[in-house]
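Worksheet for the structure shown next.
When a residue number appears, it is its place in the shown sequence, counting from 1. Keep in mind the model is a prediction, meaning the values are calculated, not measured.
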Amino acid sequence: MSQSTVPCYTIINSTDLEVPNEMQLKQDLEKGDTNVKIETLKKVIQLLLNGERLSGLIMTIIRFVLPVQNHTIKKLLLVFWEIVPKTSPDGKLLQEMILVCDAYRKDLQHPNEFLRGSTLRFLCKLKEPELLEPLMPSIRACLEHRHSYVRRNAVLAIFTIYKNFDWLVPDGPELIANFLDTQQDMSCKRNAFLMLLHADQERALNYLASCIDQVNNFGDILQLVIVELIYKVCHANPAERSRFIRCIYNLLNSSSNAVRYEAAGTLITLSSAPTAIKAAAGCYIELIVTESDNNVKLIVLDRLIAMKENENIEKVMQDLVMDILRVLAAPDIEVRRKTLNLAMDLVSSRNISEMVLVLKKEVSKTHNVAHEDTGKYRQLLVRTLHSCSIKFPDVAGNVIPVLVEFLSDTNELAAADVLIFIREAIQKFPSLRNLIIGHLIEAFSQIKSSKIHRAAVWILGEYVNDKNQVLEVIEVIIQTLGEVPMVEAEQRRLAGDQTEEEMMNHRNNNSQPSQTNTNSSKVTSDGTYATQSAFSLAPISKKEKRPPLREYLMAGDFFIGAALSATLTKLALRYADLEDDAKAQNRLTTRVMLIMSSILHLGRSGFSNKQITNDDTDRIFICLRTLSERTKDVVQVFERYCREALGKMLDAQYEEDQRVFREKQKAAAKVQPDDPVVFAQLSNGRENQLGENVFESSLNQALAGTKSNNLSDVTSPNNKLNKVTQLTGFSDPVYAEAYVNVNQYDIVLDVLIVNQTNDTLQNCTLELATLGDLKLVERPHSVVLAPHDFCNIKANVKVSSTENGIIFVYDTSINTNVVVLNTTHIDIMDYIIPASCTDTEFRQMWQDFEWENKVTVNTTFTDLHEYLKHLLKSTNMKCLTPEKALSGQCGFMAANMYAKSIFGENALANLSIEKPIDDPDSKVTGHIRIRAKSQGMALSLGDKMSSSQKLAVQAS
């Protein structure tokens with residue numbers, strides 16, 4: 001038998017450049033001392049694990065190593081006998097193994113409990129009944145050993161032997177049941193109960209019924225097995241629920257968090273009563289609050305979110321919103337985000353007021369807190385309060401004063417979210433406009449960002465409808481802008497600084513006429529005195545503190561000046577409609593026009609860091625011309641069309657949200673009016689599983705999952721049929737195909753192997769090698785295939801990042817040469833899910849991410865919208881551009897797409913395509929730009945887009 005046919009458990013990299021020969025190893029094992037034998041035995045194990053054949057050493061080890069009583073050698077021998085081939089090429093047990101069996105019979109009777117226990121653990125891994133049969137009396141005797149370590153491993157050994165070869169221990173369940181009644185050690189009771197759970201549930205139930213009142217006093221390892229038993233029994237026989245559900249309730253108060261978690265999950269599956277759901281959800285919430293590990297918090301939160309998806313459970317969980325908000329005490333931003341989203345989905349009109357109070361307290365807690373995630377958390381709180389106010393308008397009046405405080409926040413993102421909320425609230429709730437405007441005027445001078453000032457100025461100019469408020473807003477703007485005209489003010493500032501300095505110097509000279517020495521004494525670091533003259537000191541220029549709006553303009557940001565001019569124009573026009581006195585109208589208009597002309601003059605004067613742009617100049621000139629000429633059409637643009645545009649945008653956002661909500665509703669199976677009514681009380685027998693009919697539930701699932709099997713669905717990359725990879729040809733002696741099942745971080749490779757020859761294939765082995773961020777967890781075992789027989793072999797692969805990976809597969813057997821199988825590609829799409837983000841977040845990520853991949857569009861599609869749909873379907877990305885923005889045919893299209901991987905990596909894409917309108921048969925051209933934080937993500941997504949284009953071209 002060739003070396004490649006040996007099953008390999010683990011590959012250990014060897015640092016030795018020279019591989020020791022067998023004769024040298026034999027000599028060291030025979031004549032070496034204990035330390036030499038230990039090192040040599042380690043080398044032998046390493047060579048065996050790496051696939052070497054050392055059959056000549058078995059007898060040497062039996063003669064010279066096995067009798068040694070050193071504990072280290074005993075442990076190494078357990079590993080050696082586990083991995084060494086125990087059968088000859090014809091499948092029969094080696095004669096030498098009889099001697100090994102006798103040695104381990106002696107170890108099972110050894111006075112040292114560690115040797116007995118470790119030997120028993122080793123016997124759990126043996127698959128040869130010929131070796132186990134002579135050892136059974138010794139294994140049974142270990143059940144009565146004084147030490148618990150030996151007894152619990154003896155139970156595991158009997159359990160494993162009974163599971164694999166029940167004829168070796170036919171009375172195993174009875175033996176263990178009697179053992180369980182006499183034990184006090186929790187680990188022994190746990191192992192014994194675990195065996196009864198899998199081997200004889202009736203005996204396990206009888207034992208549990210006899211001690212059900214003492215379950216709370218058991219150890220956590222035994223309690224976990226009891227929960228598993230109750231779950232299995234109640235699902236198999238629902239009539240037993242009333243017998244054991246009280247035990248599950250008691251286990252919710254266990255001292256072990258693991259037991260409480262499992263008990264809560266079991267309780268939900270066993271009962272849909274409101275009390276059970278509240279108890280389970282309350283247990284989950286308590287676990288999140290008390291557990292310090294963020295991963296545990298996220299896992300339990302996901303379980304709560306999954307519970308919320310059930311409509312009946314959601315109604316019960318609505319009363320637990322305040323308890324869920326206790327989780328906000330966790331410092332992790334991801335836990336807080338999920339908690340706020342869950343609370344927002346569950347909140348109702350009954351508890352919205354209490355939730356707003358809690359959120360207000362959380363806002364106050366974030367003041368003056370220096371933490372890296374404080375800004376993000378404040379932004380989350382703003383968005384949640386925003387959603388509360390839109391969903392429940394009654395609380396908007398209480399929320400607005402709290403949110404307006406964020407406008408002076410240094411976190412620009414949180415302040416921007418506040419203004420987005422204020423803009424929507426002031427448009428949708430006319431009754432709150434005076435309240436919003438009053439708070440906005442108060443906070444206007446405290447704002448620290450030009451973007452926030454621009455939005456605040458627009459809101460004030462659009463929604464102020466009272467002439468007193470118009471005057472108040474203009475006064476606040478002038479106060480925030482500073483003295484007008486600004487160029488003259490800046491000139492006086494420069495000139496005034498110089499004259500004031502001269503006046504101060506002159507005043508000092510007059511007050512001290514006799515003082516001629518302007519020197520001062522200083523003490524240096526070494527303790528000596530030094531003289532410093534006033535003439536040698538460099539003048540220190542102090543930066544002048546200017547009003548905020550003036551500061552922006554001096555920094556060269558004249559876009560705020562253009563926005564300010566538009567607002568002042570709206571205020572002047574509205575004041576003219578409200579005020580009858582022509583002199584007051586002209587006075588205000590002149591004042592406003594002076595401010596605008598002053599901004600223009602400042603932009604061209606050279607005092608600012610940057611010159612005013614032509615666009616801003618044109619906008620300010622339009623405002624000046626509008627106030628001077630008062631053309632009717634232009635006036636209507638300022639008075640009506642701006643607010644109408646905002647209303648249309650908000651309506652479009654609302655329609656988009658409703659469309660997404662309807663799509664989610666479609667995914668859930670709905671009960672039709674003509675569906676039959678199922679009475680749980682009238683169903684009996686095996687059909688009744690936890691109060692529901694299995695046939696009806698299966699039928700409902702089948703109907704809910706029915707889809708049209710058209711060609712596009714079959715050829716979809718997400719179809720299960722496309723996950724099957726043919727590894728060999730049909731004419732090969734061994735036919736193989738693999739189904740790739742991806743479960744987040746794990747890949748299960750289910751390989752079907754068919755023996756197409758008339759010979760028996762002994763030790764048929766599947767060898768795997770991976771490329772990329774894939775790691776093989778364990779190597780598949782070798783199998784024996786009869787003529788024309790088949791079997792399934794499973795292999796587990798771990799994934800560590802979102803990159804395309806390749807698995808190379810080889811098949812070897814005793815009668816054939818190595819068959820090189822086809823490579824299996826792991827698709828990146830299995831790890832990417834559609835996600836959504838705001839436009840601001842998209843632009844920020846686009847600016848931050850450094851890896852970009854540009855893909856040229858090469859396709860046979862002639863329609864822009866069809867190409868976009870094909871791209872979204874093949875890449876699992878979500879289009880962030882609204883549907884209305886993409887509607888119509890104009891010859892070009894630009895769309896933003898976003899997705900997220902299960903590893904938390906973000907993927908952005910911008911699609912820019914075009915085609916001539918006058919040529920309907922022309923193909924779509926353009927490019928796709930992909931940006932990601934990691935290089936692998938950008939390259940893998942680009943490769944996926946290119947391959948999907950090629951497949952579309954080939955299909956056409």
Side-chain angles (χ1 to χ4, degrees), residues 426 433-434 437-438 440-442 444-445 453-492 546-550 552-553 558-605 607-608 612 614-645:
I426 204 169
R433 286 178 182 171
N434 288 331
I437 289 172
L440 200 56
I441 292 173
E442 289 178 9
F444 190 81
S445 58
H453 258 128
R454 281 204 311 263
V457 159
W458 188 91
I459 293 172
L460 289 174
E462 195 61 50
Y463 292 97
V464 170
N465 292 319
D466 182 72
K467 63 180 181 180
N468 292 328
Q469 282 186 337
V470 169
L471 295 174
E472 186 178 359
V473 170
I474 292 178
E475 287 297 328
V476 168
I477 289 175
I478 292 176
Q479 191 178 14
T480 319
L481 188 62
E483 186 182 353
V484 178
M486 286 181 277
V487 174
E488 287 79 355
E490 289 298 321
Q491 288 175 342
R492 282 198 303 273
R546 296 186 178 92
L549 293 179
R550 177 79 64 88
Y552 306 146
L553 295 175
F558 283 94
F559 187 28
I560 182 71
L564 193 62
S565 300
T567 296
L568 292 173
T569 304
K570 292 177 187 177
L571 293 174
L573 293 173
R574 193 165 298 122
Y575 187 79
D577 295 334
L578 297 172
E579 178 62 55
D580 296 329
D581 186 3
K583 288 185 178 179
Q585 293 178 18
N586 293 334
R587 191 181 303 115
L588 183 71
T589 304
T590 306
R591 198 175 180 189
V592 165
M593 294 177 76
L594 175 63
I595 294 173
M596 287 188 264
S597 60
S598 177
I599 294 172
L600 275 176
H601 192 192
L602 179 66
R604 295 175 174 178
S605 64
F607 281 106
S608 59
I612 189 171
N614 293 333
D615 290 340
D616 296 333
T617 303
D618 292 343
R619 288 190 65 189
I620 297 174
F621 270 127
I622 289 172
C623 295
L624 288 168
R625 189 171 180 180
T626 301
L627 289 176
S628 60
E629 298 181 359
R630 306 288 174 101
T631 309
K632 184 178 180 181
D633 294 337
V634 179
V635 169
Q636 280 192 342
V637 170
F638 281 94
E639 291 184 343
R640 279 182 45 200
Y641 294 154
C642 293
R643 192 178 303 186
E644 288 179 4

Say you draw a straight line from [atom1] of [X] to [atom2] of [Y]; how long is it, rounded to the nearest 0.5 Å?
X      : Y      : atom1 : atom2 : value
Leu578 : Asn465 : CG    : CG    : 7.5 Å
Leu564 : Ile599 : CG    : CD1   : 5.0 Å
Gln469 : Leu571 : CD    : CG    : 10.5 Å
Met486 : Ser605 : CE    : OG    : 9.5 Å
Ile595 : Thr590 : CD1   : OG1   : 11.5 Å
Asp633 : Phe638 : CG    : CZ    : 13.0 Å

Sub-3.5 Å donor-acceptor pair from the side chain of [X] to the main-chain atoms of [Y], do we have one?
X      : Y      : result
Thr567 : Val457 : yes
Arg433 : Ile426 : yes
Arg454 : Phe559 : no
Arg619 : Ala566 : no
Ser598 : Leu594 : no
Thr480 : Pro548 : no

Considering only heavy atoms from C-beta outward, does the side chain of [X] approach that of [Y] to under 4.5 Å?
X      : Y      : answer
Thr569 : Ile622 : no
Thr617 : Arg604 : yes
Leu460 : Ile437 : yes
Leu600 : Leu624 : yes
His601 : Pro485 : no
Val464 : Glu472 : no
Ile474 : Tyr575 : no

Sorted by chain and residue number, the ring-ring contact (aromatic ring centres under 6.0 Å, His included) partners of Tyr552 (sequence neighbours excluded) come out as His453
Above 12 or not: heavy atoms from other molecules or residues under 6.0 Å from CZ of Arg625?
no
Greater than 12 external heavy atoms within 6.0 Å of Gln479's CD
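Result for CD/Gln479: open.
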Atom of [X], atom of [Y] and distance for their closest heavy-atom approach:
X      : Y      : answer
Cys642 : Glu462 : CB-OE1, 3.4 Å
Glu483 : Ala489 : OE1-CB, 3.9 Å
Gly603 : Phe558 : CA-CZ, 3.3 Å
Leu588 : Ala572 : CD2-CA, 4.3 Å

Sequence neighbours excluded, which residues qualify as side-chain hydrogen bond (donor to acceptor under 3.5 Å, both in side chains) partners of Thr589?
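side-chain hydrogen bond (donor to acceptor under 3.5 Å, both in side chains) list for Thr589, sorted by chain: Arg630.
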So, are Arg574 and Glu639 salt-bridged, with charged N and O less than 4.0 Å apart?
no
Once salt bridge (Lys or Arg N to Asp or Glu O under 4.0 Å) is applied, what residue pairs with a partner in residues 577-590 remain, sequence neighbours excluded?
Lys467-Glu579
Let's go through Arg591 and Ile478 carefully: what are the C-alpha distance in whole Å and the side-chain angles of both, what is the deciding distance for side-chain contact (heavy atoms from CB on, under 4.5 Å) to 0.1 Å, and is it a yes or a no?
CA-CA 10 Å; Arg591 198 175 180 189; Ile478 292 176; 3.4 Å; yes
